[in-house]
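The block underneath contains the structure these notes are about, expressed in structure tokens.
Counting starts at 1 for both ligands and their atoms, following the listed order. Just so you know, residue 1 is the first one in the sequence shown, and it goes up from there. Fair warning: this is a prediction, and the values are worked out from it, not measured in the lab.
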Amino acid sequence: MTMGGSTHFSVFLLVAIILLCSSSKTVNATCYASEKQALMDFKKDLEDPYGRLLSWIHDVDCCKWEGVVCSNRSGRVIQLHLQRHDPEIADFGGGEILPLSGKISHSLQNLTHLRYLDLSLNDFSGIPIPSFFGSLRSLRYLNLSGAGFQGMVPYQLGNLSSLRTLSIGGNPSDLQVDNLQWLVGLSNLEHLDMSRMNLSTASNWLEVITRLKAHCPELIHLNNLISLNLQGNHLNGPIPSTVGNCTQLEHLSLNDNALSGSIPSNLGKLSSLVHLDVAGNKLTGTLPESLWQLPKLEVLYIADNLIEGVVSESYLDNLTTLTYFDASGNSLTLKVSASWTPRAQFVTLGLGSWKLGPQFPIWIRSQKILQYLNLSFAGISDTIPPWLFNSSLDTVYLSHNQIHGGISHILCEVKNENQVLQYLDLRENSLSGEIPDCWMNYPFMYHINLNSNNFTGSIPRSLFHLEYLDYLGLGNNSLTGPITFDFVNHE
Ligand SMILES: *[C@@H]1O[C@H](CO)[C@@H](O)[C@H](O)[C@H]1NC(C)=O
Ligand SMILES: *[C@@H]1O[C@H](CO)[C@@H](O)[C@H](O)[C@H]1NC(C)=O
Ligand SMILES: *[C@@H]1O[C@H](CO)[C@@H](O)[C@H](O)[C@H]1NC(C)=O
Ligand SMILES: *[C@@H]1O[C@H](CO)[C@@H](O)[C@H](O)[C@H]1NC(C)=O
Ligand SMILES: *[C@@H]1O[C@H](CO)[C@@H](O)[C@H](O)[C@H]1NC(C)=O
Ligand SMILES: *[C@@H]1O[C@H](CO)[C@@H](O)[C@H](O)[C@H]1NC(C)=O
Ligand SMILES: *[C@@H]1O[C@H](CO)[C@@H](O)[C@H](O)[C@H]1NC(C)=O
Ligand SMILES: *[C@@H]1O[C@H](CO)[C@@H](O)[C@H](O)[C@H]1NC(C)=O
Ligand SMILES: *[C@@H]1O[C@H](CO)[C@@H](O)[C@H](O)[C@H]1NC(C)=O
Ligand SMILES: *[C@@H]1O[C@H](CO)[C@@H](O)[C@H](O)[C@H]1NC(C)=O
Ligand SMILES: *[C@@H]1O[C@H](CO)[C@@H](O)[C@H](O)[C@H]1NC(C)=O
């Protein structure tokens with residue numbers, strides 16, 4: 001591609017104007033010639049179809065280049081912010097921001113003061129994570145998530161003893177790890193994201209994580225591991241009970257693995273824990289009592305395991321901060337009194353497959369910010385209470401119960417201007433009467449499943465005014481008109 005001299009000139013002028021306009025905010029740190037050269041060499045090996053590095057030109061101080069941050073005091077390059085912003089979010093009407101790709105020059109090694117390196121969401125497919133990253137000894141933050149790197153993660157990263165954040169997971173990646181021993185060298189680590197990497201052959205993950213934890217008591221006066229994300233890694237075996245040693249842990253994601261055994265009761269020692277996700281494993285046994293004593297817990301995802309036992313109101317009432325709770329797909333029983341009003345306000349409540357019925361759980365009426373409710377397969381043999389849809393709910397699963405009675409009056413008598421219901425699954429119940437004809441009151445509906453009930457009458461016209469509808473299931477009812485009706489909008 002060639003450009004006319006005048007284009008070059010106007011690009012330069014534009015950059016100069018932008019820099020002039022913003023110069024009042026920047027401090028006069030001038031970059032080192034050797035560091036500028038290192039960055040120029042780095043740029044030379046990159047492909048930059050979007051022109052994100054357009055400001056990286058020789059005549060401009062590299063401390064003023066896009067994505068480059070220098071120390072105000074020393075003028076050294078200390079941060080490189082080269083992540084691609086999520087195209088879904090950062091679409092300014094100008095189309096998709098294209099990723100950087102190509103090779104990563106060894107010249108980066110000359111940025112000896114670099115503390116922060118973010119290359120996430122670019123496209124370095126085909127190359128491994130450069131092992132020389134292990135020599136960037138000042139690094140505190142390294143984010144390579146979703147950047148397409150392939151091959152073995154270099155154990156040299158274990159030399160980054162100042163590292164606070166290491167993020168190399170994220171998207172399903174082709175990165176491999178056969179051994180996690182090097183992690184033990186990261187003694188200052190606070191945030192570790194190695195999600196969705198397939199650690200199934202890292203046979204010593206348990207031992208290493210345990211040793212990371214074992215560091216924790218000593219690290220109380222350094223820093224501690226605050227977040228650990230190992231979701232989607234084909235991990236197996238039990239959750240080590242030494243997990244309880246890491247009392248600073250705030251965020252623990254071990255979901256979508258093949259972990260077995262019961263949830264260790266030592267988990268109750270993690271008094272800083274805010275987010276716990278162990279959903280989608282093979283965990284068995286009962287929930288440890290200590291779980292209900294975590295004073296800061298806001299997110300508890302344990303869905304789709306083999307956990308059993310009884311959860312009583314006193315347990316749930318202990319977790320007053322709990323806001324996102326999904327425990328569907330286990331063999332749990334809820335035991336609460338008829339007059340119970342939970343102390344917590346949930347946004348997400350997943351109690352699918354719990355033994356809840358036969359009555360509809362009326363305590364849900366107290367939930368003022370509830371958006372997601374799953375009460376499928378919950379043994380409910382009752383009518384739907386009229387207040388259910390006069391609420392903030394956007395997603396409702398009530399399938400596979402013995403719910404009876406009509407729904408027309410329930411849906412149509414709601415006078416809620418801010419109706420946000422989008423997803424309604426009532427299939428496999430014993431609901432009867434006519435299909436409601438007030439769907440214009442629910443303009444955001446995109447999924448309605450009324451299959452396998454006992455609805456009668458005809459298909460109401462207002463259904464066809466739902467602009468976003470992409471699934472409508474009316475099969476296995478006693479409707480007049482089409483006997484079986486399954487409507488999928490492919491637009
Ligand atoms: C440098 O100083 C400016 C202005 O005070 C400030 O906005 C900026 O964050 C500082 N940069 C660093 C890396 O500390
Ligand atoms: C680092 O800088 C030195 C001195 O400026 C230079 O000789 C060397 O080639 C650079 N190394 C890399 C890998 O760019
Ligand atoms: C790493 O980058 C991804 C994508 O830009 C971002 O979503 C994630 O929060 C970052 N991780 C950390 C620990 O900062
Ligand atoms: C870590 O650095 C030391 C020197 O400080 C070096 O001897 C060793 O080979 C490095 N280890 C790795 C794994 O890069
Ligand atoms: C995970 O890695 C192992 C060893 O390379 C491989 O056998 C297995 O198929 C991988 N699993 C998935 C789901 O990719
Ligand atoms: C970790 O916790 C276990 C049991 O909770 C304890 O026996 C062990 O001494 C702890 N490890 C360290 C290093 O403190
Ligand atoms: C509720 O929390 C308190 C204090 O953390 C604890 O003593 C009590 O045993 C907990 N109750 C239940 C039922 O877990
Ligand atoms: C709701 O709960 C049921 C029963 O456990 C489960 O099969 C279903 O996947 C859950 N729905 C969602 C969206 O998680
Ligand atoms: C719905 O809820 C609002 C406020 O929560 C209440 O004022 C109203 O009476 C309720 N009932 C109906 C049928 O809209
Ligand atoms: C539907 O209604 C018929 C007749 O009233 C009844 O025999 C049948 O059991 C009902 N089916 C269901 C699933 O409730
Ligand atoms: C209707 O019922 C039959 C038999 O139970 C089932 O196989 C079919 O999937 C159902 N159809 C719908 C649309 O739910």
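Residue Phe377 has no nitrogen or oxygen atom sitting less than 3.5 Å from a nitrogen or oxygen atom of ligand 8, judged on distance alone. At a 3.5 angstrom cut-off on N or O pairs, Ser120 counts as close to ligand 3.
Between Arg52 and Asn122, the side chains place a donor N or O and an acceptor N or O closer than 3.5 Å (distance only, hydrogens not considered). Checked by atom type, the side-chain pair Asn143/Tyr141 shows a donor-acceptor distance below 3.5 Å. When only modelled atom types and interatomic distance are considered, Trp354 and Asn330 share no side-chain donor-acceptor pair under 3.5 Å. Side-chain contact annotation: Gln79 with His81, donor-acceptor N/O pair under 3.5 Å present.
The shortest separation from a heavy atom of Ser452 to ligand 11 is under 4.0 Å, placing the residue in contact. Ligand 8 lies nowhere less than 4.0 angstrom from a heavy atom belonging to Tyr423.
Side chains of His234 and Leu199 form no contact here, defined as non-hydrogen atoms less than 4.5 Å apart.
Atom 12 (C) of ligand 3 has Tyr141 OH, 3.5 Å as its closest protein atom, hydrogens excluded (heavy atom only). Scanning all protein heavy atoms for the shortest distance to atom 4 (C) of ligand 8 gives Ser353 OG, 3.1 Å. Counting protein heavy atoms only, atom 9 (O) of ligand 3 is closest to Asn143 ND2, 4.8 Å. Nearest non-hydrogen protein atom to atom 1 (C) of ligand 8 is Asn374 ND2, 1.5 Å. With respect to atom 13 (C) of ligand 3, the closest heavy atom belonging to the protein is Thr165 CG2, 3.5 Å. Among protein heavy atoms, atom 14 (O) of ligand 8 sits closest to Tyr372 OH, 3.4 Å.
Across the listed options Leu450, Asn449, Asn476, Asn476 owns the non-hydrogen atom lying nearest to atom 2 (O) of ligand 11.
With ligand atoms numbered from 1 in the order given, ligand 8 contributes 5 (O) to contacts under 4.0 Å with heavy atoms of Gly329. When each atom of ligand 3 is checked for a heavy atom of Ser167 under 4.0 Å away, the hits are 1 (C), 11 (N). Below 4.0 Å from some heavy atom of Gly352 lie the following atoms of ligand 8, by number and element: 2 (O), 4 (C), 5 (O).
Annotation: Tyr324 is not in aromatic contact with Tyr301 [ring centroid separation under 6.0 Å not met]. Taking the six-membered ring where the residue is Trp, the centroids of Tyr397 and Tyr423 are separated by under 6.0 Å. Between Trp182 and Tyr155, the ring center distance fails the sub-6.0 Å criterion.
Disulfide criterion (SG-SG under 2.5 Å) for Cys70 and Cys62: not met.
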TODO: Start with the C-alpha gap between Leu291 and Leu276, add the side-chain angles, then the distance that decides, and say whether side-chain contact (heavy atoms from CB on, under 4.5 Å) holds.
DONE: CA-CA 10 Å; Leu291 192 68; Leu276 175 63; 3.9 Å; yes
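Contacts between Asp193 and ligand 3 below 4.0 angstrom, taking non-hydrogen atoms only, are absent altogether. With a 4.0 Å cut-off on non-hydrogen atoms, Trp354 does not touch ligand 8 at all.
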